[in-house]
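Every chain is numbered from 1 and lettered A, B, ... according to where its sequence line falls, protein lines coming before strand lines. Keep in mind it's a predicted model, so treat the numbers as computed, not measured.
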There are 2 protein chains.
Amino acid sequence: MQLIMLQLRDLPTKETLKKFAQRYPQADISAVSAFLHLLRLATDLSFALDACLSLHGLLQGRWWVLILLMREENLTSTPSALAEKAGVTRATMTGLIDGLERDGLVERLLDSRDRRSVSVRLTAAGQSRLDQVMPDYYRRVHDCMAGLDESDRERLHELLNLIGSGIEAFNQ
Amino acid sequence: MQLIMLQLRDLPTKETLKKFAQRYPQADISAVSAFLHLLRLATDLSFALDACLSLHGLLQGRWWVLILLMREENLTSTPSALAEKAGVTRATMTGLIDGLERDGLVERLLDSRDRRSVSVRLTAAGQSRLDQVMPDYYRRVHDCMAGLDESDRERLHELLNLIGSGIEAFNQ
DNA sequence: TTGACATAGTTAGTTAGCTAACTATAATGC
DNA sequence: GCATTATAGTTAGCTAACTAACTATGTCAA
């Protein structure tokens, strides 16, 4: 599933929104404004995350696979399970694992019980790479969120959940 | 600028976050939780938007170009200006305009004053396409945001702005 | 006024997603 | 027990971003 998002660098002014609302009177201006603000901020955050990860030779997709493996008890999973959890196709996961294996960050192991299946394990080098990137990542996220206290963060979760339950309505 | 975002289908549980926090004690769990929640929701919204636009034969990039043109007084702009406002490279904008021109939704006009420059104008068919898609888009955004009243939406803007001003800190 | 630099747009080639189809293996039901 | 169906993973080809380099044109200063 491909998710390209424009940067929406030029969010509409109130005037622009009203101009559009004249042609499209049903427009809920504050809803559109919130919607675009959210997409725009997430795009900026995603780009900032990319920049951080690239300092450590990683991309979002590969980084996420390493994290998913580290979550596992024995640092091992299968391509299918990883694809499901990362929200990408199995074909995409094949490519992600190829890249990580080439860099020595994961290894493929054959499963003797089901010979269709492959185990993917985080290597010591992979764990070491995570030990480099995660503290940097956590530091940046902490600094970025420093303006919100705990109650702000809870309120944000509530608001995001409200919008999240509206996605079903969006899709109908 | 390419912005691929994993779907992050499998947000960390509190337990997983704590496990990571043991290895990386500096982790600010509620900050990471808010960060990921935001990215995840935006990804879902972006995907829902794609689905809506595809019903009208559009993609986010092309749709956004049409909107930028409609914002202009004379429905006209240049590839460079459009690229800047959309947050994509000029090369990408060439491709977007190519596709829209092929579908007859915009037209390229030569600028007699600066012969390097090209004007891009929204055609009647382009306006008509927007008149199809925008009401549908506005209806969906309205329905999606129906759970938030005006004060919720203002609060959301405040919180997003707080995070937005933290992006600078993220990048350092 | 002309040489150096800047700007507008395009082209060529890369990347990392995607879908669809393929191979190999396992599971199921008649 | 064998044919059908399902599952795991990979491969091939498509798409729409990207960067870098290119052409053409405009600007500016010595």
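In this structure, A/R102 does not pair ionically with A/D98, as no charged nitrogen and carboxylate oxygen lie closer than 4.0 Å. Under the 4.0 Å criterion applied to side-chain N and carboxylate O atoms, B/D149 and B/R155 are not assigned as salt-bridge partners. Ion pairing between B/D136 and B/R140 holds under the 4.0 Å rule for side-chain N and carboxylate O.
For the pair A/I163/B/L45, a side-chain contact is recorded, criterion being any heavy-atom separation below 4.5 Å from C-beta on.
Contact annotation: B/S80 side-chain N/O to C/dT7 OP1/OP2 distance is not under 4.0 Å. For B/S117 and C/dG9, the shortest distance from a side-chain N or O to OP1 or OP2 is below 4.0 Å.
C/dA24 atom C1' lies 14 Å from atom CG of A/D111, rounded to whole Å. For the pair B/L82 CG and C/dT7 P, the interatomic distance rounds to 18 Å; values are reported in whole Å. As rounded to whole Å, 15 Å separates atom C1' of C/dA16 from atom CD1 of A/I97. As rounded to whole Å, 13 Å separates atom C1' of C/dG17 from atom CZ of A/R62. Here the P atom of nucleotide D/dA24 and the CG atom of B/D114 are 15 Å apart, to the nearest Å. One atom, CG of B/L110, and another, C1' of D/dA24, lie 13 Å apart when rounded to the nearest Å. D/dT15 atom C1' lies 16 Å from atom CG of B/L58, rounded to whole Å. Nucleotide C/dG17 holds its C1' atom 13 Å from the CG atom of A/D50, rounded to whole Å.
Nearest-nucleotide assignment on DNA chain C puts the 5′-proximal partner with B/T94, out of B/T94 and A/L59.
Within 6.0 Å of the CG atom in B/L55, the count of heavy atoms belonging to other residues, nucleotides or ligands exceeds 12.
Proximity note for A/A91 (side chain, C-beta onward) versus C/dG9, C/dT19, D/dA17: the nearest is C/dT19. In the set C/dA8, C/dG17, D/dT19, C/dA8 carries the atom at the smallest distance from any side-chain atom of B/R116.
For B/R90 and C/dG9, a side-chain-to-base donor-acceptor distance below 3.5 Å is present, hydrogens and geometry of angles not being considered.
Among the heavy atoms of the strands lying under 4.0 Å from A/R115 are primed sugar atoms or P, OP1, OP2 only; no base atom is included.
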